[in-house]
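Start at 1 and go down the list; that is how both ligands and their atoms are numbered. Quick note: residue numbers are just sequence positions, from 1.
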Amino acid sequence: MSGQESAPHQALARKYRPQDFETLIGQPAVARTLANALSAKRPHHAYLFTGPRGCGKTTTARILAKALNCAKGPTPRPCGECAPCREIAASSCLDVLEMDAASNTGVDDVRQVIVETVALAPARDRYKVFIIDEAHMLSNSAFNALLKTVEEPPPHVIFILATTEAHKVPATIASRCQRFRFRPVSPEPLAEHLAGIAKKENIAVDAAALDLLARAAEGSLRDAVGLLDQCRSAGEGRVTVESVREMFGFTAADLLLAAARALTQRDAKALAAALKTVYEEGVEPAQFLKDLRAGFEGVYLEKLGAGKADPQWSKAMPEATAEALGFLLRRLNRALEELRLGDSPRLALELGLFSALEAAHDLGAWVARLEALERRLSAGGGGPALAAAPLPAPAARAAAPAAAPESASVPVADGDDAAWARVIDAISASKMALGAILRGCSRRSLPDGGWSIRFSRRFDLDGAERARGLLEAEAAAAAGRPIKLELTLGEPAAPAAVDIVDAAIPETPGGAPDGARWKDVTEGASGAPETSALKKAESVFGGKSRIIKKPSGGA
Ligand SMILES: Nc1ncnc2c1ncn2[C@@H]1O[C@H](COP(=O)(O)OP(=O)(O)OP(=O)(O)O)[C@@H](O)[C@H]1O
Ligand SMILES: [Mg+2]
Ligand SMILES: [Zn+2]
């Protein structure tokens with residue numbers, strides 16, 4: 001590593017700070033517009049550089065200062081060798097004043113550094129250039145003091161304001177400036193830039209590892225180069241995807257994919273297994289959620305036709321709809337938020353993921369199926385297949401096991417049910433994930449007045465157990481008496497075998513639907529291939545279906 005030996009302490013980010021517009025990465029519009037203005041020798045008197053951190057605002061401000069003051073300028077290609085060029089690069093030029101507004105926020109600072117010196121002619125160079133970095137940090141009075149000067153600066157003065165938070169710069173100032181928007185740099189040019197540096201510095205690094213670093217940098221060149229720097233200092237042979245993961249705690253790709261697949265396929269067991277690995281490998285819950293979110297986001301955008309996903313990810317979830325992915329993304333966001341606010345990252349991770357799994361995130365598919373069912377019904381019960389089924393005897397309906405056998409186990413709505421609903425609402429207001437889990441539980445009143453709450457997943461039960469105090473307090477408030485809670489594990493009470501076709505037809509007060517108009521043809525239709533649609537519906541809704549047919553014509 002010869003580069004390292006010759007300059008042991010120089011950070012790569014500083015060493016590879018671009019010195020001209022040509023080497024500036026990922027800001028073509030900015031570079032082009034500035035270079036054109038310089039060629040035409042028509043510099044503006046005030047510039048506002050806005051954009052995310054680490055994408056070249058300060059760097060560009062210095063390049064612009066050089067371009068303006070280069071002995072051979074103003075020129076889009078500063079020579080880099082004359083006194084002004086060299087001094088500006090070293091931040092030691094008397095005519096280029098850099099003010100870090102983050103540490104000089106007050107009105108006095110602005111007066112001292114700018115207002116009082118602005119009238120003085122440049123000491124040596126063509127222009128006096130004021131670079132105000134982190135400009136959003138200036139106080140209101142400081143902005144006001146600056147306003148007059150920016151409005152009508154002497155001809156030899158040029159202002160460059162740089163900020164990550166453009167909205168905090170008052171409109172009065174911003175409107176006097178020519179504005180340049182810096183963009184976060186996309187992973188490809190980032191990785192390419194890193195590869196160039198790695199080559200010059202003799203850092204042995206796999207292309208896939210560079211891709212990973214580039215993605216982790218989230219658009220910031222400073223971060224990307226900084227990460228590479230860390231890899232360099234870690235030494236010890238080749239930098240691989242694994243060593244990068246190890247070093248920065250990124251989640252292994254196969255673990256992420258396994259969790260993602262579990263979520264889209266609603267496979268609780270697989271999700272639990274993935275989480276187990278997360279804990280065993282010491283993956284940061286927040287990092288894990290962010291990595292998951294990044295993966296889903298790629299596929300989501302791809303489904304919307306707005307981007308290209310990691311092919312491994314799109315392959316892992318061919319069935320996922322944009323809607324379902326949007327739902328998952330919102331859940332992951334929420335989990336991250338809860339993780340940030342709460343004191344147990346692990347609980348936030350589990351609740352977030354399991355509640356996402358539980359919720360009906362392919363609502364769209366459900367609605368489509370319901371609608372198909374409805375269409376069949378309103379078409380007179382006569383899908384071609386059903387019509388082909390022979391009409392059963394009029395008694396068929398009575399003979400068929402009409403009453404759902406499990407209906408006895410459905411709890412009768414009582415005051416406690418209403419109280420339980422209020423508990424869920426109250427908890428959902430502050431702890432949405434827990435609320436969602438409770439919504440999926442079944443509740444039973446016990447003889448001693450307590451409640452038995454049944455959870456279908458161990459994770460959910462554990463999470464609720466940790467929130468027992470809150471649960472009991474809410475239950476007492478809702479029921480108006482102390483409630484002892486029994487939290488148990490078990491399948492939620494099987495939904496009653498709902499006769500889904502019947503359910504869509506208002507019962508006549510006398511009992512069964514009017515036998516003259518509707519016939520139960522379940523028996524007759526059984527075995528017919530078209531009942532497979534109903535089998536599917538059953539698997540979706542978890543009930544038992546019956547086929548009811550409106551006799552055609554004069555019946
Ligand atoms: N467009 C770019 N091309 C090449 N390198 C860049 C670019 N932007 C940033 N860098 C690298 O990142 C380092 C920091 O860049 P710079 O100080 O210009 O960022 P910034 O946009 O001012 O960020 P901040 O908002 O945090 O001040 C540079 O020294 C350089 O190594
Ligand atoms: Mg900066
Ligand atoms: Zn020069």
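Two rings, from Phe49 and Phe182, have their centers less than 6.0 Å apart.
Residue Thr59 places at least one N or O, backbone or side chain, under 3.5 Å from an N or O of ligand 1. When only interatomic distances are considered, the shortest N/O to N/O separation between Lys57 and ligand 1 falls below 3.5 Å. Backbone and side-chain nitrogen or oxygen atoms of Ile25 are examined, and one is located within less than 3.5 angstrom of a nitrogen or oxygen of ligand 1. Among the atoms of Gly56, some N or O lies under 3.5 angstrom from an N or O of ligand 1. For ligand 1, the polar-atom distance check finds an N/O of Cys55 within less than 3.5 Å of one of the ligand's N/O atoms. Distances between N or O atoms of Thr58 and those of ligand 1 include at least one value under 3.5 Å.
With respect to Gln27, the side-chain contact (heavy atoms from CB on, under 4.5 Å) criterion is satisfied by exactly one of Arg183, Lys57, Arg32: Arg183.
Using modelled atom types, one side-chain atom of Ser233 and one backbone atom of Asp229 make a donor-acceptor pair closer than 3.5 Å. With hydrogens and angles disregarded, no donor-acceptor distance shorter than 3.5 Å links the side chain of Asp206 to the backbone of Ala209. In terms of modelled atom types and a separation under 3.5 Å, the side chain of Thr264 and the main chain of Ala260 share a donor-acceptor contact.
Close approach of ligand 1 to Glu134 is summarised as follows: ligand atoms under 4.0 Å from at least one heavy atom of the residue are 27 (O). Each of the following atoms of ligand 1 lies closer than 4.0 Å to a heavy atom of Thr164: 25 (O). Atoms of ligand 1 found under 4.0 Å from any heavy atom of Tyr16 (numbered from 1 in listed order, with element): 31 (O).
Ligand 1 is approached by Leu24 to a heavy-atom distance shorter than 4.0 Å. Gly26 does not count as a contact of ligand 1, since none of its heavy atoms falls under 4.0 Å from the ligand.
The Mg ion (ligand 2) does not have Thr59 among its coordinating residues (no N/O/S atom, backbone or side chain, under 2.8 Å).
Counted within 6.0 Å of CD on Glu319, heavy atoms from surrounding residues, nucleotides or ligands total 12 or fewer; the atom is thus considered open. Around CD of Glu165, the count of heavy atoms belonging to other residues, nucleotides or ligands within 6.0 Å exceeds 12. At most 12 non-hydrogen atoms from other residues, nucleotides or ligands lie less than 6.0 angstrom from CZ of Arg14.
Ring geometry for Trp313 against Phe296 counts as perpendicular: the plane angle is over 60°, on a 0 to 90° scale with 30° as the lower cut.
Phe21 does not carry Arg77 over the face of its six-membered ring by the limits of under 6.0 Å from the centre and within 45° of the normal.
Note: angle at the Zn ion (ligand 3), from SG of Cys85 to SG of Cys79, is 120° (rounded to 10 degrees).
Contact record, Cys231 with Val244: SG-CG2, 4.2 Å, taken as the closest heavy-atom pair.
Nearest protein neighbour of atom 17 (O) of ligand 1, counting heavy atoms only, is Arg222 NH2, 3.4 Å. At the top of the distance list for atom 2 (C) of ligand 1, counting protein heavy atoms only, stands Leu221 CD1, 2.9 Å. Distance from atom 4 (C) of ligand 1 to its nearest protein heavy atom, with residue and atom name: Pro18 CG, 3.2 Å.
One option in Ala13, Ala11, Gly54 has a heavy atom closer to atom 19 (O) of ligand 1 than any other, and that option is Gly54.
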